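The structure appears below as structure tokens.
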Amino acid sequence: MSEPAAPSAPPLSVPARSPRRGAAPLLAAALAWIFPGLGHFLVGRRGTAVLYAIIVSATFVLGLSFEGRLYSPEPGQPLTILATFAVYGAGLLNLSARLLSSNPGGTILSVTYEYGCAFLLTAGLMNLLLMLDAYDIAAGRKS
Amino acid sequence: MPTDHFLIMALYALLISVFFSLLWRSGARERVALFVKLFLALVVGALAVAWLMYPFPS
């Protein structure tokens, strides 16, 4: 008499995430652009949101203190378009700095000018990544 | 305002490493591990590149 076959292991399955469409992912991304961490705060990652806010803000403020440049597009300098896009990624930090700064073009003769530019660009790009991350979390693509 | 190049570079590496360890990992242990790897890669890598460039005239 043959023994009954051992039950086969259930097939591996990944629980399906229901993608959430609608305003919430876009709202999370928009809030993330406005201020670093706001999008993550909306989707419930409160502790990480505060840390993101501190890190990105610190990077931006250091860039300003190092007398870096808040880029704007310049005719004949196509790379400034990319740089402008990057810096505008910082949202309100960038907008308020442009309004309040007496020297948004930076001090090119400063020893730390290049570093300041790097920090400002990096802060903006970090925040763009945070926008994408907040969108993915709100859309259910990332747990 | 610090003007020491190495210090500024290390500060940049610190911010980048903390940011990406928070973004790419969950759990304190994994985050710390990635932070250490990224920070060392950036700082040691920069020093290595600096020494590689040393023989070349400015």
Side-chain angles (χ1 to χ4, degrees), chain A residues 32 36-37 39-41 43-68 89-90 93 103 106-107 109-137 141-143, chain B:
Chain A
H40 287 76
F41 201 85
V43 298
R45 308 275 180 103
R46 308 250 162 120
T48 320
V50 172
L51 289 171
Y52 284 142
I54 293 170
I55 292 165
V56 177
S57 300
T59 307
F60 194 87
V61 169
L62 281 168
L64 291 177
S65 73
F66 290 147
E67 299 181 282
L93 287 172
N103 187 20
T107 307
L109 293 177
S110 169
V111 170
T112 55
Y113 169 75
E114 305 286 353
Y115 292 110
C117 293
F119 274 71
L120 288 170
L121 292 169
T122 302
L125 292 172
M126 279 180 180
N127 206 36
L128 289 172
L129 281 176
L130 291 183
M131 286 173 63
L132 296 174
D133 194 58
Y135 182 93
D136 282 345
I137 295 169
R141 292 185 204 166
K142 185 177 176 180
S143 59
Chain B
M1 184 175 71
T3 57
D4 180 76
H5 290 256
F6 181 77
L7 182 65
I8 296 173
M9 182 196 71
L11 186 57
Y12 186 80
L14 178 75
L15 291 166
I16 294 278
S17 302
V18 173
F19 178 80
F20 281 108
S21 64
L22 287 173
L23 189 66
W24 286 341
R25 293 290 184 271
S26 52
R29 203 179 178 93
E30 293 89 0
R31 282 174 170 170
V32 170
L34 183 62
F35 166 78
V36 171
K37 282 183 206 170
L38 286 174
F39 185 75
L40 287 178
L42 287 169
V43 174
V44 174
L47 290 172
V49 169
W51 278 108
L52 283 172
M53 291 192 289
Y54 180 70
F56 299 102
S58 57

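In this text, all values refer to a predicted model and were calculated from it rather than measured experimentally. Lettering of chains follows the sequences in order, A, B, ..., and the numbering in each one begins at 1.
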Winner by heavy-atom pair count (cut-off under 4.5 Å) against chain B, out of A/T122, A/V56, A/D133:
A/T122

I need the B/L11 CG to B/D4 CG distance, nearest 0.5 Å.
11.0 Å

Contact origin within A/T112 toward chain B - heavy atom pairs under 4.5 Å:
side chain

Against chain A, label B/L14 side chain, backbone, both or neither, depending on which of its atoms sit under 4.5 Å from a heavy atom there.
neither

I need the B/F39 CZ to B/F20 CZ distance, nearest 0.5 Å.
15.5 Å

Flag side-chain contact, heavy atom, 4.5 Å: B/I8 against A/F119:
yes

Write down the atom of A/M126, the atom of B/L15, and the distance for their closest heavy-atom approach.
CE-O, 4.0 Å

